[in-house]
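Remarks on the structure that follows.
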Amino acid sequence: MALLQDGQKVPARFAAKFTTTDQDVKDISTAAKPETRWCLLELPADDLAALEKGSTYYFQAQDSGAGAGGDIAALCTDSKTYSLEFLENSNSLLIAQSAATEVTEGAEAGAPGVCEVFAQVRGQMFTKPARVNTQLVQRLLAKQVVGEAPPSGGGDGPLPVLNRESLEYEVAASPAELQAMLESGPYVEVDGVWRTLPQKLEQEIVDATSNLIAARGWAAHNVDMEALFPEVQAHLGAASVPTPAVLRKALRGVLVGGAAAASGGAAEGSSQDKPAKDTPPGAAEATQKDSSAAATQQDSSAAATQQD
């Protein structure tokens with residue numbers, strides 16, 4: 001496609017498949033508007049650049065919630081979700097392209113050829129950043145609960161489970177936003193299916209972990225998750241803690257804030273402290289020596305103060 005310079009004159013014609021959307025004044029109030037085959041869409045510069053490089057975007061119905069007037073359309077990119085609004089324009093908007101392959105008689109070499117009008121639009125769509133519907137995700141996963149059997153669908157057996165692909169179809173959200181919501185919310189993936197981790201079960205896992213840490217004399221800030229998982233699973237059952245991912249999800253708040261909160265610090269300083277798997281050899285010994293040296297220095301300072 002050749003670029004036209006501002007003010008440059010070129011011959012123009014309508015394409016063979018051009019369809020107008022104009023209406024006669026007498027038909028505006030009685031006849032339906034002609035179907036629009038094309039529409040202009042405004043995109044942020046970075047999203048437009050990604051689209052030109054081959055990214056796939058898609059339109060999707062977005063549940064707007066009760067009382068909001070039904071579903072609305074959304075545009076989902078690789079990492080963002082936009083709501084769409086249409087701005088109608090009463091003027092005739094024509095879209096054309098110039099073909100460099102067809103040169104008119106007397107035109108200079110390299111000059112643009114015939115400008116072909118191939119579409120007419122009524123206006124343009126523009127985008128607004130939209131939030132992913134967290135309530136919809138919550139409703140969809142309400143019947144897929146860790147530790148509970150799938151609900152029955154009546155005579156047809158259990159209801160089909162919603163995997164990641166099903167959630168992407170149901171929820172208007174970019175893949176990145178949906179993944180972030182699942183990871184940050186009370187959801188965990190078990191055998192390829194996302195499930196809700198109920199608050200009661202989460203608290204039971206935290207309590208069981210606290211008791212085990214205290215009983216085994218482990219350092220709460222240094223717990224080996226691989227050693228902890230079978231202990232918690234044996235205590236609560238394989239249905240309640242089927243995978244280590246469920247254990248990590250239940251302890252996410254404890255681990256972020258310091259695992260000592262789960263045990264109340266009861267296991268701190270125990271002679272049976274278990275170092276983390278990734279602790280370098282000799283690191284614990286070096287730390288102990290540093291602590292001893294610091295304690296000796298403090299004792300010396302205290303003695304000097306008493307003599308003074």
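The figures that follow rest on heavy atoms only: side chains count, while hydrogens, waters and symmetry mates do not. Just so we're clear, the structure is a prediction, and the values are computed from it rather than from any experiment.
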Within the structure provided, determine whether [X] and [Y] are in side-chain contact (heavy-atom separation under 4.5 Å).
X	Y	value
M181	T134	yes
P44	T127	yes
V188	R248	no
T19	Q120	no
I205	V246	yes
N89	V121	no
Y58	L75	no
F86	C39	yes

Using the rule that two of Ile, Leu, Val, Met, Phe, Trp, Tyr join whenever any of their side-chain heavy atoms come within less than 4.5 Å, decide whether [X] and [Y] are in one cluster.
X	Y	value
V145	L182	no
V232	V206	yes
L84	L136	no
M125	L40	no
L43	F59	yes

Q: List the steps, then state whether side-chain hydrogen bond (donor to acceptor under 3.5 Å, both in side chains) holds for D207 with S210.
A: CA-CA 5 Å; D207 292 342; S210 302; 5.2 Å; no
Q | Q203 vs Q199, side-chain hydrogen bond (donor to acceptor under 3.5 Å, both in side chains): CA-CA, chis, key distance, verdict | A | CA-CA 6 Å; Q203 187 59 51; Q199 187 174 4; over 6 Å; no
Which atom pair, heavy atoms only, marks the closest approach of [X] to [Y]?
X	Y	value
A130	S83	CB-N, 3.6 Å
A61	A172	O-CB, 3.8 Å
C115	A96	SG-CB, 3.6 Å
T81	A74	CG2-CB, 4.3 Å
T196	A142	OG1-N, 4.3 Å

Salt-bridge criterion met for [X] and [Y] (N-O under 4.0 Å):
X	Y	value
E189	K249	no
R216	D224	no
E85	K128	yes

Find the distance between [atom1] ([X]) and [atom2] ([Y]) and round it off to the nearest 0.5 Å.
X	Y	atom1	atom2	value
T243	Q233	OG1	CD	9.0 Å
C76	E177	SG	CD	8.0 Å
R252	E183	CZ	CD	11.5 Å
S92	R122	OG	CZ	11.0 Å
Y187	Q138	OH	CD	5.0 Å
L251	T209	CG	OG1	4.5 Å

Q | Derivation of the side-chain contact (heavy atoms from CB on, under 4.5 Å) call for T77 and L51 | A | CA-CA 9 Å; T77 71; L51 185 63; over 6 Å; no
**Q.** Atom CD of E165 with >12 non-hydrogen neighbours under 6.0 angstrom
**A.** no
**Q.** Residues L41, F126; criterion side-chain contact (heavy atoms from CB on, under 4.5 Å); working and verdict
**A.** CA-CA 6 Å; L41 173 63; F126 60 94; over 6 Å; no
Q: Show your working on side-chain hydrogen bond (donor to acceptor under 3.5 Å, both in side chains) between D78 and Y57 and close with a plain yes or no.
A: CA-CA 7 Å; D78 295 333; Y57 299 166; 5.2 Å; no
Q.
I need the single residue from L140, L167, V137, L178 that forms a side-chain contact (heavy atoms from CB on, under 4.5 Å) with W194. Which is it?
A. L167
**Q.** Q97/E116 under side-chain hydrogen bond (donor to acceptor under 3.5 Å, both in side chains): CA gap, chis, key distance, verdict
**A.** CA-CA 5 Å; Q97 64 180 2; E116 192 169 74; 5.0 Å; no
Q. Looking only at atom types and distance, does a side-chain atom of Q60 sit under 3.5 Å from a main-chain N or O of Y169, one as donor and one as acceptor?
A. yes
**Q.** Verdict with supporting geometry, L94 and F118, side-chain contact (heavy atoms from CB on, under 4.5 Å)
**A.** CA-CA 8 Å; L94 304 177; F118 63 90; over 6 Å; no
Q. Step by step, would you call R195 with E148 a side-chain contact (heavy atoms from CB on, under 4.5 Å)?
A. CA-CA 10 Å; R195 302 181 183 275; E148 298 183 6; over 6 Å; no
